There are 2 protein chains.
Amino acid sequence: MKTISLQEISTALKVSKSTISYVLNGRGDEKRISINTQQMIEEYAKAHNYKPNPLARSLIVGKSNMIGFVLPNIADFFFARITRSIEKKAMQSGYEVVFSSTGEDKEREEKSIQSMLDRNVDGLIIASSQKNEKDILRLTQNKFPMVLIDRKYPDISTNFVGLNNIGGITMLVEHLINMGRKKIGFVSLNMDLLTLNERLNSYEETMKRNGCEVKKGFIQQLEYNHTDNDMERIIKIMLSKSIGVEGLIFSTQFLAADGIRALNKMNIKVPTDMAVVSYGHKNDFDLFKVPLTAIDFPVEEIGEKAVDILLENMKDINMKKEEFYFNTELIVRESCGSH
Amino acid sequence: MKTISLQEISTALKVSKSTISYVLNGRGDEKRISINTQQMIEEYAKAHNYKPNPLARSLIVGKSNMIGFVLPNIADFFFARITRSIEKKAMQSGYEVVFSSTGEDKEREEKSIQSMLDRNVDGLIIASSQKNEKDILRLTQNKFPMVLIDRKYPDISTNFVGLNNIGGITMLVEHLINMGRKKIGFVSLNMDLLTLNERLNSYEETMKRNGCEVKKGFIQQLEYNHTDNDMERIIKIMLSKSIGVEGLIFSTQFLAADGIRALNKMNIKVPTDMAVVSYGHKNDFDLFKVPLTAIDFPVEEIGEKAVDILLENMKDINMKKEEFYFNTELIVRESCGSH
DNA sequence: AAAATAGGCACAAACGTTTGAGCAAATCAG
DNA sequence: CTGATTTGCTCAAACGTTTGTGCCTATTTT
């Protein structure tokens, strides 16, 4: 596993380390190293497969050719896809990616960020838990190249790429209304994330705008780690005579799948007894017992755009903050009835 | 983003760097540093939030407290889950994880491995493309701590954790036979991976053992990047009168989903016209139009076991190679008819 | 009282780079 | 032929650690 060092080339070739370093970094001409010496060095380096030690280099230049990606959970398909696209895009520009999952936990997010900074990453992409205002603030104040994705802090101006949640939810609500459902429930997660809040607010506004009352009980929030029973319980509530929901919006694709599972178990017919839509798409929604109408969005593009902006930011540390929102797309299937 | 260094503590406290280093590494007593000095140093370090620079440390001690995970594709849910479990388990032992996707590409796998070695990872977990015998051999010869998962090289003795493919496929074949299907097709990917080969061989053997002929056309292999049309085409072939398959085994969960999609489109009734099983499980198989019978396996456990073995190997560079195979579980649903 | 031991720390090299400054020899200008 | 410039390289510090050796003083042993 031993790899050759500058020192070894130096003694072998009887040429100083600096000369070698200059040549190998393409500064040979600039430093007026003779053609002969340059060739000799380059040949020797190639022949012995010299690779500069990135640690030593990083230690001195303060850069690492790595970008860090801090995310809630790599086993979340949404983030896994983004990770892949970030990695791909970064690689095209010669950067490597290090990532770290935080489990939506503030302490672990802090640790991850610190660890990445310690390792001299050149920039950060963060899907924050939104509980870590401190670090995000610190990073922006220090003008550290960074872009937030999916989750942002309302009070901090940063680069950001996310979704047009409002447009997406509007489409869902209006689709349900068009299919003849007025009493529409909204099930979301009990997490204080801006994305989720935007979705909730957009639901309420769109309902009002269309003259649909949002009755008490129409909105249900589950814990992040809810059980199947929890889901059944809230569906039961929304179906009760006093509430009588006829359509359901699930604010994430995972909730939607869980919801369908509960509806199946409770023997509630979709779409007859209950129309269902999902904000967010999963691969096999089309294969479900009743194929699910859902909002899809360009996941890979989020990662790519984030890298684009980050690279810009790394070039120009004083660049104007950039926000980018991807539009979503309504994929109509059968879970709200047919036209 | 500036962080305090040993040097700065040294000048501030008028104590040599070495003393500080010893104290902060818990070797103060051993090095007979007086209680007073130790306290002073520790307090100052805590107050100024001193964190040793991992690069500098790694450069000199040759270790990094990182383990590397090389995998085909992080957006593959199977590997994403493993990644998560590796990360979790490694963290419990104070290690960080760096990962890199290779896209099943030999060159990229080589690059990833080299890059990780350059960064002084203390050990490697590799889900290899199985096209990189050279590196794997080199690593084992150099006694570099490593464990292969899911994919292995028949000719190289390494640590390995994978699945009991033979047992899994046997269960599937025999389940189909028990459900009255004798003419069973097998669709897999046209990739030279040991796991896939094991599955194929096990299929053939189990068929023979149960007196079922494996006719020409029963076995179909698709390209990794096949289209929906490709899938429909091979299903059409297997359904042709001369072949007349009554049951299908898909050798991966992704193939299974694609297969179901094709069957739906072709209006072939499951299980009446075609019984279907999947080797490998996906989250929403239970929500499908006809819930899918599948082999499930302990994905997270693969990652955990790999970390366990790797840590052992890092402790004892000469340990005996360990192979571990997880058993699979048959989850019976409705895609082969009811009992 | 001299020698040995213990206590408490500092020195300096090492890891493998990068980089500004500088130096000797060769070439040029006048 | 002298001084200036160019050519071709070397020196050494720096990045932030770790670690073996060694030094000085104080205490104990003999």
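In this text, all values refer to a predicted model and were calculated from it rather than measured experimentally. Throughout, a chain's letter reflects where its sequence line sits, starting with A, and its residues are numbered from 1.
For the ring-ring contact (aromatic ring centres under 6.0 Å, His included) condition, the pairs that include at least one residue of residues 99-139 of chain A, sequence neighbours left out, are A/F99-B/F99. Sorted by first and then second residue, the ring-ring contact (aromatic ring centres under 6.0 Å, His included) pairs involving residues 17-56 of chain A (not counting sequence neighbours) are A/Y44-A/H48. Within the structure, ring-ring contact (aromatic ring centres under 6.0 Å, His included) contacts touching residues 65-98 of chain A (residues at least two apart or in different chains) are A/F78-A/F297.
Atom CD1 of A/I20 and atom P of D/dG8 are 17 Å apart (whole Å). For the pair A/L6 CG and C/dT17 P, the computed distance is 4 Å after rounding to whole Å. Across the protein-nucleic acid pair, A/R27 atom CZ and D/dC9 atom C1' stand 14 Å apart, rounded to whole Å. At whole-Å resolution of the value, CD in B/Q7 and P in D/dT17 are 10 Å apart. Distance CD1 (B/I35) to P (C/dG7): 13 Å, rounded to an integer number of Å. Rounded to an integer number of Å, the gap from NZ of A/K51 to P of C/dT17 is 12 Å. Atom NZ in A/K63 sits about 16 Å away from atom C1' in C/dT17, given to the nearest Å. Nucleotide D/dT18 holds its C1' atom 10 Å from the OH atom of B/Y50, rounded to whole Å.
Across B/K305, B/R81, B/K89, a single residue satisfies salt bridge (Lys or Arg N to Asp or Glu O under 4.0 Å) together with B/E300, and that is B/R81.
Ion pairing of B/E110 with B/K106 is present here, as a side-chain N (NZ or NE/NH1/NH2) and a carboxylate O approach within less than 4.0 Å. In this structure, A/R138 pairs ionically with A/D135, as a charged nitrogen and a carboxylate oxygen lie closer than 4.0 Å.
Both B/S21 and A/S34 lie close to DNA chain D; mapped to their nearest nucleotides by heavy-atom distance, the more 5′-ward contact belongs to A/S34.
Scanning for salt bridge (Lys or Arg N to Asp or Glu O under 4.0 Å) contacts around B/E301 gives an empty result, with sequence neighbours left out.
Taking CD of A/E107 as the start and OG of A/S112 as the end, the distance is 11.5 Å to the nearest 0.5 Å. Separation of atoms OG (A/S157) and CD (A/E323) is listed at 7.0 Å; rounding is to 0.5 Å.
Axis orientation changes by 60° from one end of the helix from C/dA1-D/dT30 to C/dG30-D/dC1 to the other, with each end axis drawn from 5 pairs and the value rounded to 10°.
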Exercise for review: At under 4.0 Å between heavy atoms, which parts of nucleotides 10-15 of chain D does protein reach? Answer with one letter per nucleotide, 5' to 3': B base, S sugar-phosphate only, - none.
Suggested key: BBB-BB
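When distances run from any side-chain atom of B/R32 to the nucleotides C/dT19, C/dG7, D/dT17, the shortest one goes to C/dG7.
Contact annotation: B/S58 does not reach the phosphate of D/dT17 (side-chain N/O to OP1 or OP2, under 4.0 Å).
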